[in-house]
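Please read these numbers as outputs of a predicted model, since none were measured by experiment. Just so you know, ligand 1 is whichever comes first in the structure, and atom 1 is the first atom listed for that ligand.
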Amino acid sequence: MSLVVFPFRTEDPKVVEFNLRVAASHPAVGRVLAVGAEEESTYQAVEAFRSELAATTGTPVDLILQDRIGSKRPGKGDGMNTGLRYFLNETDAERIHFYDADITSFGPDWITRAESAADRGHDVVRHFFPRSSTDAMITWMITRTGFALLWPHTELPRIEQPLGGELLFTRPVAEALVADARVQDQSDWGIDTLYTFSTIQAGLSVYETYVPQGKQHAMYGGLTDLRTMLVECFSAIQSLTGEVVGVGATHQIEATAAVPASITEKIGYNLEATLHLLGEDWTARQAELLGHFPTGVKEGMLANRSTPTFLFLDEEAWFLSFRTLLEAYVPGDPDWEAVLFRLWVARVISYTATRALRGYEHSQRYLAEMVDGYRRRAELGS
Ligand code: GDX
Ligand code: MN
């Protein structure tokens with residue numbers, strides 16, 4: 001039997017109810033758990049519908065508040081780690097699944113896919129999805145780039161969606177994650193990075209299962225909404241610098257299928273709302289911190305104080321900038337956060353203008369080749 005966990009903050013209660021019902025109705029699922037961030041309106045709504053849901057599906061549906069476990073911002077990491085502990089301490093289920101509560105394309109097949117990969121003996125199952133060409137910009141530009149630079153010889157840079165929140169772990173994997181102090185400390189958006197890193201470092205068998213209909217979920221406006229996530233995901237990678245990862249993990253990726261037009265034609269963010277971020281809120285110290293970067297990057301970024309410029313932040317400039325960030329970035333320093341954020345915005349707009357504009361196929365190929373090029377270069381130590 002499996003436990004399905006939904007971490008949630010404020011979401012549409014109708015969507016949450018639908019997803020909890022899908023899980024509770026699945027034959028492989030023995031218990032469902034919703035982990036709330038705080039006692040707000042969504043939490044009250046789940047409290048109100050959960051007994052009826054349990055009665056009609058015959059599956060217990062529990063609701064708890066997340067514990068304070070880590071030392072970073074109390075966020076999704078505390079929520080997921082609370083779910084792991086509940087799984088080990090309060091249930092005798094063999095497997096735990098995590099799904100985001102805000103998915104509007106969720107269905108029983110998501111659970112079935114993960115269960116059947118676990119039946120075939122995999123320790124970890126990760127769902128991956130087709131993403132629009134301007135989506136997943138933290139995944140590509142931060143996490144996959146960071147994994148390629150730091151651990152080029154391992155499976156880490158080859159994980160399709162290292163930040164994905166849709167996962168299955170067997171019980172021994174959950175035990176290892178709860179015993180891993182680095183993972184338990186990562187209470188913020190860095191949790192996905194830590195789960196990915198820790199399971200590959202532990203040499204487990206990881207299977208990525210493809211969900212062809214994609215993950216439809218609550219959308220952001222401009223790239224500002226992603227700022228906290230960006231900062232926390234970068235800091236998580238940087239904190240792992242120096243860790244040694246062997247090549248013991250096995251990793252299989254399910255074949256993909258034709259991508260629906262709803263994804264190939266989707267625009268991931270509002271370009272106009274994002275462009276002006278390049279020129280806003282500069283401080284003298286931020287300009288000074290750019291002194292750490294190669295001259296072209298420094299000059300290009302400084303020019304944004306008067307007019308938006310971003311084409312200089314190409315693949316090569318991003319490689320060099322990322323190396324600088326790994327060495328010099330100071331976590332928690334607001335000026336460094338602003339520098340990181342603005343560099344990433346410029347990189348994303350540069351990619352959008354030169355690659356995403358050429359279409360879905362081209363941009364997907366480009367991004368995969370970019371990461372692979374970084375990986376090969378890091379492997380050669382150049
Ligand atoms: N318990 C708890 N506590 N749940 C939270 C918290 C928190 O502090 N913050 C967010 N959540 C829930 C949220 O309600 C949703 O169910 C899930 O966590 C994901 O949050 P959402 O705001 O929908 O994140 P987003 O931007 O959709 O990102 C998700 O997908 C990314 C990706 O796949 O690229 C999220 O799972 C990221 O971790 C992941 O990187
Ligand atoms: Mn979401």
Side-chain angles (χ1 to χ4, degrees), residues 4-20 23 32-43 45-46 62-70 72-86 97-106 110 126-132 134-144 146-147 159-167 183 186-197 208 211 214-237 263 268-269 348 367:
V4 175
V5 177
F6 293 92
F8 70 97
R9 198 173 265 283
T10 305
E11 303 294 353
D12 179 349
K14 287 275 167 258
V15 174
V16 180
E17 183 175 1
F18 180 88
N19 292 338
L20 265 62
V32 173
L33 174 69
V35 184
E38 53 194 328
E39 258 177 88
E40 42 63 83
S41 57
T42 312
Y43 187 93
V46 177
D62 295 335
L63 170 66
I64 57 175
L65 277 178
Q66 69 189 38
D67 292 326
R68 185 64 179 127
I69 298 172
K72 318 284 183 202
R73 181 184 63 80
K76 181 168 173 263
D78 272 348
M80 294 182 84
N81 284 330
T82 299
L84 281 183
R85 289 167 181 220
Y86 178 96
H97 295 235
F98 284 104
Y99 299 103
D100 283 0
D102 66 329
I103 304 173
T104 52
S105 57
F106 190 61
W110 294 47
R126 314 180 52 94
H127 296 71
F128 77 107
F129 321 92
R131 312 278 300 256
S132 89
T134 45
D135 217 354
M137 286 294 112
I138 299 179
T139 295
W140 284 110
M141 301 301 178
I142 302 290
T143 314
R144 294 193 67 172
F147 282 167
I159 301 286
E160 288 284 332
Q161 284 162 19
L163 298 180
E166 293 69 36
L167 305 156
V183 172
Q186 200 73 46
S187 46
D188 59 10
W189 289 118
I191 192 61
D192 306 296
T193 306
L194 268 286
Y195 281 179
T196 302
F197 181 83
E208 295 195 81
V211 184
K215 172 174 157 183
Q216 257 65 258
H217 63 124
M219 268 312 290
Y220 344 90
L223 293 184
T224 3
D225 297 357
L226 292 172
R227 188 181 157 143
T228 306
M229 203 181 267
L230 164 78
V231 163
E232 294 178 355
C233 289
F234 177 78
S235 299
I237 290 265
I263 293 165
Y269 68 94
V348 172
L367 290 166

>> Just checking: Asp100, one of its N/O/S atoms, less than 2.8 Å away from the Mn ion (ligand 2), yes or no?
In response: no
>> Looking only at side-chain N and O atoms, does Thr42 offer a donor or acceptor that is under 3.5 Å from a partner on Glu11?
In response: no
> Would the Trp110 and Phe129 ring centres measure less than 6.0 Å apart?
Replying inline: yes
> Just distances here: any N/O of His217 and N/O of ligand 1 closer than 3.5 Å?
Replying inline: yes
> Which of the listed options, Arg73, Arg9, Met80, holds the heavy atom that is closest to atom 9 (N) of ligand 1?
Replying inline: Arg9
> Taking only heavy atoms of Gly164, which atoms of ligand 1 are found under 4.0 Å from at least one of them?
Replying inline: 33 (O)
> Does the pair Tyr99 and Phe106 meet the rule for a ring pair (Phe, Tyr, Trp, His ring centres under 6.0 Å), with working shown?
Replying inline: CA-CA 9 Å; Tyr99 299 103; Phe106 190 61; 4.8 Å; yes
> Relative to ligand 1, is Gln161 under 4.0 angstrom through side chain, backbone, both or neither, heavy atoms considered?
Replying inline: neither
>> Walk me through whether Gln186 and Asp188 qualify under side-chain hydrogen bond (donor to acceptor under 3.5 Å, both in side chains).
In response: CA-CA 6 Å; Gln186 200 73 46; Asp188 59 10; 2.9 Å; yes
>> On a heavy-atom basis, I'd like to know which of Ala218, Ala101, Ser187 is closest to atom 16 (O) of ligand 1.
In response: Ala101
>> Can you tell me which portion of Gln66 lies within the under-4.0 Å heavy-atom range of ligand 1? Options are side chain, backbone, both, or neither.
In response: side chain
> With a cut-off of 4.0 Å, which atoms of ligand 1 are near a heavy atom of Glu11?
Replying inline: 13 (C), 14 (O), 15 (C)
> Counting only heavy atoms, which portion of Trp189 has something under 4.0 Å from ligand 1: side chain, backbone, both, or neither?
Replying inline: side chain
>> Can you tell me which N/O/S atom of Asp102 has the shortest distance to the Mn ion (ligand 2)?
In response: OD2
>> Between the Mn ion (ligand 2) and His217, which N, O or S atom of the residue is the nearest one?
In response: ND1
> Given the rule in the side chain to side chain contact (heavy atoms under 4.5 Å, CB included) test, do Met80 and Val5 qualify, once you have shown the distances and angles that lead to the verdict?
Replying inline: CA-CA 8 Å; Met80 294 182 84; Val5 177; over 6 Å; no
> If you count the atoms of ligand 1 from 1 in the order shown, which ones are under 4.0 Å from a heavy atom of Gly79?
Replying inline: 1 (N)
> Non-hydrogen atoms of Met229 versus ligand 1: any pair closer than 4.0 Å?
Replying inline: yes
> Can you list the ligand 1 atoms lying under 4.0 Å from a non-hydrogen atom of Lys215?
Replying inline: 29 (C), 30 (O), 33 (O)
> Should Pro74 and Arg68 count as side-chain neighbours, where that means a heavy-atom distance under 4.5 Å?
Replying inline: yes
>> Assess the residue pair Thr196 and Arg126 against the criterion (side-chain hydrogen bond (donor to acceptor under 3.5 Å, both in side chains)); give the C-alpha distance rounded to whole Å, side-chain angles, the decisive distance to 0.1 Å, and a yes or no.
In response: CA-CA 9 Å; Thr196 302; Arg126 314 180 52 94; 2.9 Å; yes
> How far does NE2 of His127 sit from CD of Glu160, to the nearest 0.5 angstrom?
Replying inline: 14.5 Å
> How does Asp192 reach ligand 1, by side chain, by backbone, by both or by neither, if only non-hydrogen atoms under 4.0 Å count?
Replying inline: side chain
>> I'd like to check which ligand 1 atoms, numbered from 1 as shown, lie under 4.0 Å from a non-hydrogen atom of Val35.
In response: 1 (N)
>> Suppose we screen for side-chain contact (heavy atoms from CB on, under 4.5 Å). Which residues come up paired with Pro130, at least two apart in sequence or across chains?
In response: Tyr210, Val259, Ile263, Tyr360
> Can a non-hydrogen atom of Glu232 be found less than 4.0 Å from any atom of ligand 1?
Replying inline: no
>> With a heavy-atom distance limit of 4.0 Å, tell me whether His127 approaches ligand 1 through its side chain, its backbone, both, or neither.
In response: neither
> Taking only residues two or more places apart in sequence, or in another chain, which ones meet Glu38 in a salt bridge (charged side-chain N to carboxylate O under 4.0 Å, His left out)?
Replying inline: Arg9
> Looking at Gly75, which atoms of ligand 1 are within less than 4.0 Å of one of its heavy atoms?
Replying inline: 3 (N), 7 (C), 8 (O)
